[in-house]
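Only a predicted model underlies this, so the values are computations on that prediction, with no experimental measurement involved. So that the names make sense, note that chain A is the first sequence line, chain B the second, and so on, each numbered from 1.
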Number of protein chains: 2
Amino acid sequence: MINPIWLRSFCTLVELGHFTRTAERLHMTQSGVSQHVRKLEEQLDTQLLVREGKQFSLTDAGQTLYQQGGGILQALQQLQQAVRQDPPFAGVVRVTSPGSMGLKLYADLLDLQQQHPQLVLDYRFTSNSGVEQAIAQLDSDIGLMTRQPTLSEVHSHKVGQESLLLVTPVQSPSLTWASLTQLGFIDHPDGAHHASLLLGANYPEFEYSEPLSTRGFSNQISQILEPVSRGLGFTVLPAYAVDAFTRPELIKVHALSVPVSEPIYLCYRRKSALPQRVLSVIDVIKTLL
Amino acid sequence: MINPIWLRSFCTLVELGHFTRTAERLHMTQSGVSQHVRKLEEQLDTQLLVREGKQFSLTDAGQTLYQQGGGILQALQQLQQAVRQDPPFAGVVRVTSPGSMGLKLYADLLDLQQQHPQLVLDYRFTSNSGVEQAIAQLDSDIGLMTRQPTLSEVHSHKVGQESLLLVTPVQSPSLTWASLTQLGFIDHPDGAHHASLLLGANYPEFEYSEPLSTRGFSNQISQILEPVSRGLGFTVLPAYAVDAFTRPELIKVHALSVPVSEPIYLCYRRKSALPQRVLSVIDVIKTLL
DNA sequence: GTTTATCATCACAAAATGTAATCAATTTTT
DNA sequence: AAAAATTGATTACATTTTGTGATGATAAAC
């Protein structure tokens with residue numbers, strides 16, 4: 001009986017044309033891929049690949065095996081999906097998002113997890129491109145991004161938006177450009193980007209002035225407002241991150257005359273049939289954003 | 001990924017409704033079958049069988065898995081057939097037949113093997129029902145029988161016949177019924193059957209007389225003519241067995257007035273796609289009989 | 001010509017698989 | 001009813017398979 005694990009390695013290899021990349025895709029070592037192919041060839045007593053230096057081409061047998069085998073593998077997967085019991089609120093769901101909206105989502109999803117003790121949430125914070133990668137590599141079930149993904153494997157649609165807000169200490173001076181530059185900027189991973197969006201739209205001076213003087217930086221999204229609350233500077237943050245700050249009385253949030261917001265895209269892997277628990281969480285996320 | 005070995009155990013179990021018989025069919029132990037099913041259920045986190053004492057029925061999931069899974073297994077098998085290199089004269093071919101025609105065939109097939117050094121013949125002698133069983137249980141690729149098989153898995157068609165011959169010592173007396181009974185019978189596994197066929201058709205006395213007095217027995221087909229050649233008795237043998245005797249000058253073969261012969265049926269497993277080497281040997285056998 | 005990237009091979013640790021022995025239960029025989 | 005025989009589940013263990021890391025060889029890139 002053909003070993004479907006070996007077959008999968010072979011089919012992936014044919015698609016990628018590259019042992020090392022196949023290994024990465026399948027979360028195994030290059031040595032493993034090499035051996036899988038060799039064992040397939042041994043078992044079938046048939047050469048599948050014609051090795052040409054570091055390239056290879058397919059023999060007729062290899063061609064057949066790839067075409068037919070791919071279909072069978074899919075059928076096996078689908079069968080597993082069809083038969084496996086698939087409860088809507090049990091099992092692991094892996095969510096990845098940038099920090100800002102994560103602060104809100106994570107709390108809300110923990111509520112959900114408390115309602116469904118069988119549900120296990122694996123929530124990871126990372127950059128937009130990290131989200132995209134995680135989805136494409138099957139490392140995450142659901143992703144949230146503030147831009148559309150570029151990889152073709154990743155499906156996305158807009159599910160909401162988050163306003164960018166100017167945040168200053170409570171006892172802040174006026175909101176003139178001069179006072180802001182004097183107060184100084186508290187930076188964070190998306191700080192420059194957010195600042196240019198919001199400030200550029202509201203302060204004509206922004207475009208021509210010096211870069212903002214940075215008075216601090218944190219990549220821990222929940223910590224960014226701490227220096228602001230102590231009067232050390234101002235920042236520009238998505239609303240969800242502001243909402244999550246524990247001492248709102250120490251900061252002041254300003255509605256500027258030209259509101260700016262970033263879209264939020266919900267992403268998951270195209271084609272791969274999603275288990276019920278992932279669909280459930282997607283539904284919940286949509287109601288939250 | 002669903003393990004196709006486990007799946008095969010499960011599908012066979014569903015068909016046979018019986019763990020122990022499934023184990024026999026698949027050449028494994030009952031314990032193994034039991035574990036395969038359990039592991040499938042564990043992996044899919046789904047009950048497949050509802051155990052009812054020693055019986056069982058299928059859950060919905062089990063039903064689906066059986067139906068879809070069976071198809072996938074077949075597809076896998078066929079793919080393997082299609083891809084596996086399948087030389088016409090290399091590999092093991094297992095032939096099973098009763099002794100008589102085996103004596104001729106085995107020699108001829110050894111000739112074939114000498115012409116094709118890659119070919120390996122596994123020739124086993126057994127009874128008609130043994131042949132049938134061996135085919136049905138996939139223990140043999142080709143079988144030869146002198147009656148039609150009864151098992152539905154076994155396909156057969158007539159490829160020839162072998163004459164039954166009366167064999168006496170060279171210096172035998174007349175062929176009257178009286179002299180034969182006085183000479184005595186050398187028996188072998190099919191002896192009684194063959195004798196009744198041939199003698200019953202040629203000696204009206206046969207039906208009413210005492211059972212033949214037996215002067216010897218051998219289940220080694222090539223040895224049966226030894227006691228005959230020494231004058232110890234006569235026997236009735238298929239022609240192929242007589243032809244194989246090394247000292248033909250010591251025996252006398254008699255053409256009786258009513259010739260009797262047994263049909264020869266060539267058998268192989270229905271449906272299972274035969275590898276090229278088996279087809280080759282089948283062709284050769286047909287030319288030999 | 002040197003460096004880097006890529007694939008094959010090998011030795012070994014970890015994991016899986018299959019079996020025999022045993023147990024528990026059900027069915028059949030006496 | 002009791003005894004015997006079947007049948008499937010479970011367990012312990014030996015064997016086999018599998019995947020990895022290390023190493024080496026060869027092709028591509030610089």
Side-chain angles (χ1 to χ4, degrees), chain A residues 1-59 61-62 65-66 69 73 76 80 137-139, chain B residues 1-59 61-62 65-66 69 73 76 80 137-139:
Chain A
M1 188 84 66
I2 293 180
N3 184 327
I5 306 289
W6 300 350
L7 181 58
R8 186 187 53 175
S9 298
F10 173 74
C11 288
T12 310
L13 174 66
V14 172
E15 277 159 23
L16 301 184
H18 204 284
F19 282 71
T20 308
R21 248 165 260 154
T22 301
E24 280 165 14
R25 166 76 66 91
L26 299 179
H27 301 292
M28 53 193 289
T29 59
Q30 170 267 318
S31 165
V33 175
S34 189
Q35 289 184 69
H36 280 188
V37 175
R38 187 157 55 73
K39 283 179 183 165
L40 256 184
E41 288 185 319
E42 275 172 17
Q43 191 198 349
L44 297 173
D45 191 23
T46 304
Q47 201 177 353
L48 299 172
L49 303 180
V50 182
R51 279 147 243 254
E52 298 157 342
K54 310 193 154 178
Q55 322 273 79
F56 62 82
S57 57
L58 289 178
T59 62
L65 187 65
Y66 170 63
L73 283 181
L76 255 187
Q80 176 155 9
Q137 298 189 326
L138 291 168
D139 289 330
Chain B
M1 190 85 63
I2 292 180
N3 183 326
I5 306 288
W6 300 351
L7 182 57
R8 186 186 54 173
S9 298
F10 174 73
C11 287
T12 309
L13 174 66
V14 172
E15 276 159 22
L16 301 184
H18 205 285
F19 282 73
T20 307
R21 247 166 262 155
T22 300
E24 281 165 13
R25 164 78 64 91
L26 299 179
H27 301 293
M28 52 192 291
T29 59
Q30 171 267 318
S31 166
V33 176
S34 189
Q35 287 184 70
H36 280 187
V37 175
R38 186 156 55 73
K39 284 179 183 165
L40 257 185
E41 288 186 318
E42 275 171 18
Q43 190 197 349
L44 297 172
D45 191 22
T46 305
Q47 200 177 353
L48 299 172
L49 303 180
V50 181
R51 279 148 243 252
E52 299 156 342
K54 306 191 156 178
Q55 323 274 76
F56 62 81
S57 58
L58 288 178
T59 62
L65 187 66
Y66 170 63
L73 283 181
L76 256 186
Q80 174 155 7
Q137 298 190 326
L138 292 169
D139 290 329

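- Between A:N3 and the phosphate of D:dT18, there is a side-chain N or O to OP1/OP2 separation shorter than 4.0 Å.
- Counted by atom type alone, A:E24 and A:T20 present zero donor-acceptor pairs between their side chains at under 3.5 Å.
- Contact annotation: A:H36 side-chain N/O to D:dT18 OP1/OP2 distance is not under 4.0 Å.
- Here the C1' atom of nucleotide D:dG19 and the NZ atom of A:K39 are 8 Å apart, to the nearest Å.
- Here the side chains of A:T46 and A:L65 are not in contact, with every heavy-atom distance at 4.5 Å or above.
- Nucleotide D:dG19 holds its P atom 12 Å from the CE atom of B:M1, rounded to whole Å.
- One interatomic measurement links the two molecules: CE of B:M28 to C1' of D:dT15, which rounds to 15 Å at whole-angstrom precision.
- Considering only residues two or more places apart in sequence or on other chains, A:T59 meets the side chain to side chain donor-acceptor pair (under 3.5 Å) condition with none of them.
- Atom CH2 in B:W6 sits roughly 9 Å away from atom C1' in C:dT17 (whole-Å rounding).
- Atom CG of B:L26 and atom P of C:dT17 are 16 Å apart (whole Å).
- Counting heavy atoms of neighbouring residues, nucleotides and ligands inside a 6.0 Å radius, atom CD of A:Q55 does not exceed 12 of them.
- Two residues are said to be in side-chain contact when any heavy atoms from C-beta on lie closer than 4.5 Å; A:R21 and A:T12 fail this criterion.
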Response to the item:
Protein-proximity profile, nucleotides 2-14 of chain C, B/S/- by nucleotide at the 4.0 Å heavy-atom cutoff, equals ---BBBBBB----
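- Ring geometry, A:W6 versus A:H36: the interplanar angle falls from 30° to 60°, so the pair is classed tilted.
- Of the side-chain N and O atoms in A:H27, none sit less than 4.0 angstrom from OP1 or OP2 of D:dG19.
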